[in-house]
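The block underneath contains the structure these notes are about, expressed in structure tokens.
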2 protein chains.
Amino acid sequence: MTNQLAAVPHDRTHFRPHQYLAREAEKPAAIYRIDEGWAYRFRLLSDGRRQITALFLPGDYCEPQWALGHAPTQPIMALTNVRATLLPVGMRSERTLIHERGLRNALAASLERQTNWLVTLGRCTALERIAHLLCEIYERLRRSGLTYGQQCAMPLTQMDMADITGLTAVHVNRTLQAMRSRNLIDLHSRWLRIPDLAALRRSACWA
Amino acid sequence: MTNQLAAVPHDRTHFRPHQYLAREAEKPAAIYRIDEGWAYRFRLLSDGRRQITALFLPGDYCEPQWALGHAPTQPIMALTNVRATLLPVGMRSERTLIHERGLRNALAASLERQTNWLVTLGRCTALERIAHLLCEIYERLRRSGLTYGQQCAMPLTQMDMADITGLTAVHVNRTLQAMRSRNLIDLHSRWLRIPDLAALRRSACWA
DNA sequence: CGAATCGTTGAGCGAGGTCAAGAAAAGTGG
DNA sequence: CCACTTTTCTTGACCTCGCTCAACGATTCG
């Protein structure tokens, strides 16, 4: 059905959960702009350990760094259904592409988030890590108008959260319960409510 | 034409250990090219926890991401005496600067290293983290011709290593001893010798 | 030479991991 | 709509890797 896909008004595409948006070392034809759904970048170690190294939410580019002319070194996978718009990197020169203000800003933002996660993974407790994760997701979604009052979607499983925060799923579970009992979060059936965002931010160790 | 930066008037500067190359939120006047010496980017938490989030070795740009037009979010400090060349970001447009191939490549390399460290901090043991650190330093120095056989400089204190690897200085010490006794490293008085680089790389968990 | 800084070692502890099992959701096909 | 399977969540018991605290050498440097 490649033809059908190519026939679709040409620059949109779709991925199902667990489908690859990009594979390691395989130069992608395009940068995606995520219109809907979540995806993540990760690395799998030979013994099965997994670390998620980036989240892509609606409105994000995936990935700005491809405009620098290097192949991805980690695969990217859809977490939910994903609809995306293609921005071909081949057609326009990389020089032109990296000029796009949106792309430059996205690259800078992604770099900064990544640097923050180095601090969190290196120096923060389990509760601080999860608080950081939930705050970051909520605030990124809010900037895209995808929050509803104090609530937002949370399609990550506890195992996904574990692989982002460098913990185990069991410990994520216990920590979430601790946070629930302190009224820091209200998390049920893929839906997050944050009763007091300031309090949650404070428990994330650098506000 | 080939090297636009070469056309820029070259100002050179110097920093002593513990001197700031850049402060948080203070837009730097220039990107440095490190000619000699080491520096690091870090964040200090309010309770004194420190995480080092990047190392700058001779030949590195510090930092390529400033060409994206954002102020640094973490300070940068000299570890040793540092001699650097200034590449003014203000004079030529950012557009021109980010075109510079060397800068683009440096940015991509720094991004990739950072992503690798997310994996290491999230999922690796103490020995794997330190092995990763030592391998990375050795190989970066080797590419710059700063290794001598299996040896290279290692000005980092054990506390510095701890703050890179997300461990404590005491545990770094014990882990280094374990590595010494396994003949993975030979580390004395700021000097590192790697008897078997392949073996060290293997113990760093993703070869 | 003294004063910092850095490295080393020991004893005890605790945050988070491991293993296991069962409960609750969520998907799947009839 | 209902069985059935699979995934996710939850809880308990136990363990271990790395942390804390403290003291003492070893270097480095003024």
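Here the structure is a predicted model, which is why all the values come from computation and not from measurement. Chain letters run A, B, ... following the sequence lines, proteins first and then strands; every chain starts at 1.
For the residue pair A:Asp11 and A:Thr85, no side-chain donor N or O sits within less than 3.5 Å of a side-chain acceptor on the partner. Counting only N and O atoms by type, the side chains of B:Thr125 and B:Glu128 include a donor and acceptor under 3.5 Å apart. No side-chain N or O of B:Gln51 forms a donor-acceptor pair with one of B:Asp163 less than 3.5 Å apart.
By the neighbour-count criterion of 12 heavy atoms within 6.0 Å, atom CZ of B:Arg182 is sparsely surrounded, having that number or fewer from other residues, nucleotides or ligands.
Residues in residues 119-148 of chain A take part in these ring-ring contact (aromatic ring centres under 6.0 Å, His included) pairs, two or more places apart or across chains: A:Trp117-A:His132, A:His132-A:Trp206.
Atom NE2 of B:His171 is separated from atom P of D:dT16 by 15 Å (rounded to the nearest Å). Atom CD1 of A:Ile130 is separated from atom C1' of D:dC9 by 14 Å (rounded to the nearest Å).
Using a 4.0 Å cutoff on non-hydrogen atoms, the parts of residues 173-188 of chain A near DNA chain C are A:Arg174, ordered by number. Within residues 157-168 of chain A, the residues having any heavy atom under 4.0 Å from DNA chain C are, by residue number, A:Gly166, A:Leu167, A:Thr168.
In 5' to 3' order, the nucleotides of DNA chain C bounding all contacts with chain B (an atom under 4.0 Å from a heavy atom) are C:dC6 to C:dA11.
A search for salt bridge (Lys or Arg N to Asp or Glu O under 4.0 Å) contacts involving B:Arg41 returns B:Glu63, not counting sequence neighbours. Every side-chain contact (heavy atoms from CB on, under 4.5 Å) that B:Pro17 has, sequence neighbours left out, goes to B:Asn81. A:Ala39 meets the side-chain contact (heavy atoms from CB on, under 4.5 Å) test with A:Leu21, A:Phe56, A:Ile76; sequence neighbours excluded. Scanning for side-chain contact (heavy atoms from CB on, under 4.5 Å) contacts around B:Glu24 gives B:Pro75, with sequence neighbours left out. With sequence neighbours excluded, the residues that form a salt bridge (Lys or Arg N to Asp or Glu O under 4.0 Å) with B:Glu36 are B:Arg83. Looking at residues two or more places apart in sequence or on another chain, you find a side chain to side chain donor-acceptor pair (under 3.5 Å) between B:His188 and B:Asp186. Taking A:Gln19 as the reference, A:Phe15, A:Arg16 meet the side-chain contact (heavy atoms from CB on, under 4.5 Å) condition, with sequence neighbours excluded.
With hydrogens and angles ignored, the 3.5 Å screen pairs no side-chain donor or acceptor of B:Asn173 with any backbone N or O of B:Val170.
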Taking only N/O atoms, report every protein-nucleotides 22-30 of chain D pair under 3.5 Å with atom names and distance.
none

